[in-house]
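The structure appears right after this line, and notes come after that.
One-based numbering, in listed order, for ligands and for the atoms of each. We number each residue from 1, following the sequence as shown.
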Amino acid sequence: MPSFQHARFLVSAAKPQDFPPEGGPELAFAGRSNVGKSSAINALAGRKRLAFFSKTPGRTQMINFFDLGGRARLADLPGYGFASAPRSLRASWDALIGGYLTGRRSLAAVIVLTDARHPLTANDRHFLEWLRPVAARRLLLLSKADKLSRAQRAATLARTRAALDQAAMTSEVLLFSSKNAEGVEETRALLEGWLRAPQ
Ligand code: GDP
């Protein structure tokens with residue numbers, strides 16, 4: 001059974017030719033730098049340092065692939081920040097991520113993290129537009145949800161769902177916190193279900 005608990009680092013890829021051969025359904029994690037993506041992957045895997053492979057020097061602009069129990073894969077995409085990034089960096093990011101999103105046939109779902117305190121920034125929306133033509137399930141995680149009050153959390157969830165509906169973007173949306181584990185079980189169950197029954 002595909003499982004986050006059995007996640008193991010596979011390889012880092014700086015260009016599409018370096019992607020590992022397709023092997024089982026794949027989950028791709030995306031979000032702007034510092035949104036809490038590594039912490040989320042670690043929380044889902046129940047490990048402290050798993051996603052820190054992706055943070056080691058030279059690997060932050062690469063796609064870092066993990067094996068999930070020999071049955072599925074996880075791809076940790078480099079953090080985005082289109083508006084402020086230098087043009088050369090943006091171009092290589094576009095080629096790498098564009099190549100991945102359009103060419104990876106085993107892509108089962110894309111998990112996008114957005115900060116619960118200011119969800120769906122211009123960068124997030126830009127990335128979601130990239131995802132529009134991609135035939136994969138989508139999950140938006142409202143990260144660092146522990147920074148919001150209970151009332152704010154409910155309001156943010158409702159507002160974000162409404163904004164996605166309005167933009168005709170189909171996506172699951174969940175509150176998530178690596179700090180207090182809100183949404184971790186729910187996210188794991190949802191994703192493992194998707195891996196068991198890819199579209
Ligand atoms: P990444 O760059 O997206 O991989 O982000 P990291 O996982 O490295 O987290 C960036 C910063 O946010 C770190 O200081 C984390 O401790 C903090 N952080 C990550 N997740 C959470 C969370 O759920 N709640 C809070 N309060 N802080 C978090």
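- Near Ser39, meaning under 4.0 Å from one of its heavy atoms, ligand 1 places the atoms 6 (P), 7 (O), 9 (O), 19 (C), 20 (N).
- The number of heavy atoms from other shown groups lying within 6.0 Å of CD (Gln17) is above 12.
- Under a hydrophobic clustering in which Ile, Leu, Val, Met, Phe, Trp and Tyr are joined whenever their side-chain heavy atoms come within less than 4.5 Å, directly or via other members, Phe65 and Met62 fall into different clusters.
- When hydrogens are left out, the protein atom nearest atom 4 (O) of ligand 1 is Ser38 OG, 2.6 Å; that is the closest non-hydrogen contact.
- In Gln5, the CD atom is crowded: over 12 heavy atoms of neighbouring residues, nucleotides or ligands sit closer than 6.0 Å.
- Nearest protein neighbour of atom 10 (C) of ligand 1, counting heavy atoms only, is Asn34 OD1, 3.2 Å.
- Atom 25 (C) of ligand 1 is approached by the protein to below 4.0 angstrom, counting heavy atoms only.
- When atom types are taken as modelled, the side chain of Asp146 and the backbone of Lys179 share no donor-acceptor pair closer than 3.5 angstrom.
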Trace of the salt bridge (charged side-chain N to carboxylate O under 4.0 Å, His left out) decision for Asp124 with Arg32: CA-CA 8 Å; Asp124 295 333; Arg32 70 157 175 76; 6.0 Å; no
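- Salt-bridge annotation for Arg138 and Glu172: absent, with no side-chain N of the basic residue lying under 4.0 Å from a carboxylate O of the acidic one.
- Residue Asp146 approaches ligand 1 through these ligand atoms, each under 4.0 Å from one of its heavy atoms: 22 (C), 23 (O), 24 (N), 25 (C), 26 (N).
- An N or O contact shorter than 3.5 Å links Val35 to ligand 1 by distance.
- For atom 5 (O) of ligand 1, the closest non-hydrogen atom of the protein is Gly36 N, 3.1 Å.
- Taking only non-hydrogen atoms, the option from Glu182, Lys179, Lys55 nearest to atom 8 (O) of ligand 1 is Lys55.
- The protein reaches atom 20 (N) of ligand 1 closely, with a heavy atom under 4.0 angstrom from it.
- Residue nearest to atom 17 (C) of ligand 1, selected from Lys147, Lys144, Arg117: Lys144 (by heavy-atom distance).
- The aromatic rings of Trp130 and His126 sit tilted relative to each other, their planes meeting at an angle between 30° and 60°.
- Salt bridge absent: Glu22 and Arg73 never bring a charged side-chain N and a carboxylate O closer than 4.0 Å.
- Atoms of ligand 1 found under 4.0 Å from any heavy atom of Ser178, numbered from 1 in the order shown, are 20 (N), 22 (C), 23 (O).
- Heavy-atom distances between Gly31 and ligand 1 stay at or above 4.0 Å for every pair.
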